[in-house]
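Here is the structure we will look at.
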Amino acid sequence: MKNVVIYIHGKGGSAAESEHYKQLFPDCEVIGLDYQTFSPWDTGKEIFDAVEKLKGKYENIILIANSIGAFFSMNAGIEGMIQKAYFISPIVDMEKLITDMMKWANVTEQELESKGMIHTVFGEELSWEYLSYVRRHPIGWRVPTQILYGSTDHLMSIDTITDFANKHQATLTVMDGGEHWFHTEEQMQFLDNWIAMR
C-alpha cells in the first residue's frame, strides 16, 4: 500500500481506537501510535519519530488526531510529511485551556510559577513548565485539515475553534449536540459520515 493513516489518540484513549478507522480507509494501512509520554516536547518527539519512520515506507501519510492528540501532533514538527489531517475535537489553543483551568481552580500565575506544579480538585495537573513551553511555541500548522467539533464541547469554545480554522484554512464541521468525546452511536455515525465525505 502507498498510503498510511496514523491515529493519535487523546487523553485516556489508546492506539486500539485506530481499528475503527480501518473500514473508513480501506485503501490505506491504518496504524495507531501508542505514545508513552504526555508533554508536547516528549510526545511531539515520539510522534515525529513515528511519522518519519512511516515516511520511508509510504508515499502519503494521513493524520487522524483526537483532542490533545491534535495539539501534540501540531507541536511535533511533522507538517512537511503529512498530506492531510482529520482533527476530532482538537485542542487548538492550549494556553487558553490552561489559563481557563487555572481560573476553575482559582490559581494565579504567580502561584503556579512559585509552586511549579499544582494538582487541581478536578484531577488535572497544572504545570508552569508546560504553560511556559506553550507560550514559547505558538502553533503554526499548514496542512490541509478537516475539523470535527461538537457544539457542547466543554474544553474549546466554538469561537476558539472557528478562529483557528479561519487562520489555518481548515474546514470546520460542527455536530449539533456533539460532545468533546465522540462516543455514542449517533456521534460515531456522524463522525463516520464526516470522514466518508472526504
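Rounding to the nearest 0.5 Å gives a distance of 6.5 Å between CG of L126 and CD1 of I118. The line from CD of E95 to CG of D100 is 10.5 Å long, rounded to the nearest 0.5 Å. The distance from atom CG of N66 to atom OG of S73, rounded to the nearest 0.5 Å, is 10.5 Å. T43 OG1 to I68 CD1: the interatomic distance, rounded to the nearest 0.5 Å, is 8.0 Å. Taken to the nearest 0.5 Å, the CD1 atom of I91 stands 11.5 Å off from the CZ atom of F164. Note: M81 CE to I61 CD1 = 6.5 Å, rounded to the nearest 0.5 Å.
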Inset, instruction - For the pair L155 and L97, evaluate side chain to side chain contact (heavy atoms under 4.5 Å, CB included) and give the outcome as yes or no after the intermediate values. - result: CA-CA 7 Å; L155 292 182; L97 180 56; 4.0 Å; yes
Inset, instruction - Evaluate salt bridge (Lys or Arg N to Asp or Glu O under 4.0 Å) for K53 paired with D49, printing each intermediate quantity in order. - result: CA-CA 6 Å; K53 208 173 282 182; D49 290 347; over 6 Å; no
Inset, instruction - Report the C-alpha separation of L54 and I6 in whole Å, then their side-chain angles, then the decisive distance to 0.1 Å, and conclude whether the side chain to side chain contact (heavy atoms under 4.5 Å, CB included) test is met. - result: CA-CA 9 Å; L54 292 174; I6 183 166; 3.9 Å; yes
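The existence of a salt bridge linking E129 and R135 is excluded, since no basic side-chain nitrogen approaches an acidic carboxylate oxygen closer than 4.0 Å. Ion pair E52/K55 not flagged as a salt bridge, since none of the NZ, NE, NH1 or NH2 atoms sits closer than 4.0 Å to an Asp/Glu carboxylate oxygen. A salt bridge does not link K2 with E29: every distance from a Lys NZ or Arg NE/NH1/NH2 to an Asp or Glu carboxylate oxygen is 4.0 Å or more.
A ring-centre distance under 6.0 Å is found for F87 and W141.
Considering only heavy atoms from C-beta on, I139 comes within 4.5 Å of F71 through its side chain. Residues W128 and K115 are not in side-chain contact: their nearest non-hydrogen atoms beyond the backbone lie 4.5 Å or more apart. Side-chain contact between H137 and M74 is absent, with no heavy-atom pair separated by less than 4.5 Å. Contact of the C28 side chain with the Y58 side chain is not registered, since no non-hydrogen atoms from C-beta on lie closer than 4.5 Å. T145 is not listed as a side-chain neighbour of T171, based on a closest heavy-atom distance of 4.5 Å or more.
By the neighbour-count criterion of 12 heavy atoms within 6.0 Å, atom CD of E111 is densely surrounded, having more than that number from other residues, nucleotides or ligands. Applying the 6.0 Å contact sphere to CG of N106 captures no more than 12 heavy atoms from other residues, nucleotides or ligands. For D27, the CG atom is densely surrounded, since the number of other residues' heavy atoms within 6.0 Å is greater than 12. Heavy-atom contacts from other residues, nucleotides or ligands closer than 6.0 Å to CD of E185 number 12 or fewer.
Formation of a donor-acceptor pair under 3.5 Å by the T120 side chain with backbone atoms of A105 is not found in this model. No side-chain donor-acceptor contact under 3.5 Å links S67 to the backbone of G69. Under the 3.5 Å distance criterion, the side-chain polar atoms of E17 are matched with a main-chain donor or acceptor of S14. Not one N or O on the side chain of T160 forms a donor-acceptor pair closer than 3.5 Å with the backbone of M156.
No donor-acceptor contact under 3.5 angstrom links the side chains of T173 and Q146, judged on distance only. For Q187 and E179, the side-chain atoms include at least one donor-acceptor pair closer than 3.5 Å. Judged purely by distance below 3.5 Å, without hydrogens or angles, the side chains of E125 and H119 pair a donor atom with an acceptor atom.
With hydrophobic clusters built from ILVMFWY side chains whose heavy atoms lie under 4.5 angstrom apart, M117 does not share a cluster with F122. No continuous path of ILVMFWY side-chain contacts below 4.5 Å connects M101 to W181, so the two sit in separate hydrophobic clusters.
Below 30°, between 30° and 60°, or above 60°: for W41 and Y133 the angle between ring planes is between 30° and 60°, a tilted geometry.
In this structure, A70 and P90 approach most closely via the heavy-atom pair CB-CB, 3.5 Å. Nearest heavy-atom pair across Y35 and E46 is CA-OE1, 3.3 Å. For the residue pair M102 and L131, the shortest heavy atom distance occurs at SD-CD2, 4.1 Å. M94 and V134 make their closest contact through CG-CG2, 3.7 Å (heavy atoms, listed as atom of the first residue, atom of the second, distance). Nearest heavy-atom pair, A15 versus H9, reported as atom, atom and distance to 0.1 Å: N-CD2, 3.6 Å. Residues I147 and A170 come closest through the heavy atom pair CD1-CB, 3.8 Å.
Not counting sequence neighbours, D34 has no partner by the salt bridge (charged side-chain N to carboxylate O under 4.0 Å, His left out) test. A search for side chain to side chain donor-acceptor pair (under 3.5 Å) contacts involving T162 returns nothing, not counting sequence neighbours.
In this structure, L148 belongs to a hydrophobic cluster whose other members, linked by side-chain heavy atoms under 4.5 Å apart, are V5, Y7, Y21, L24, F25, V30, I62, I64, Y86, I88, M175, F182, M188, F190, L191, W194, I195.
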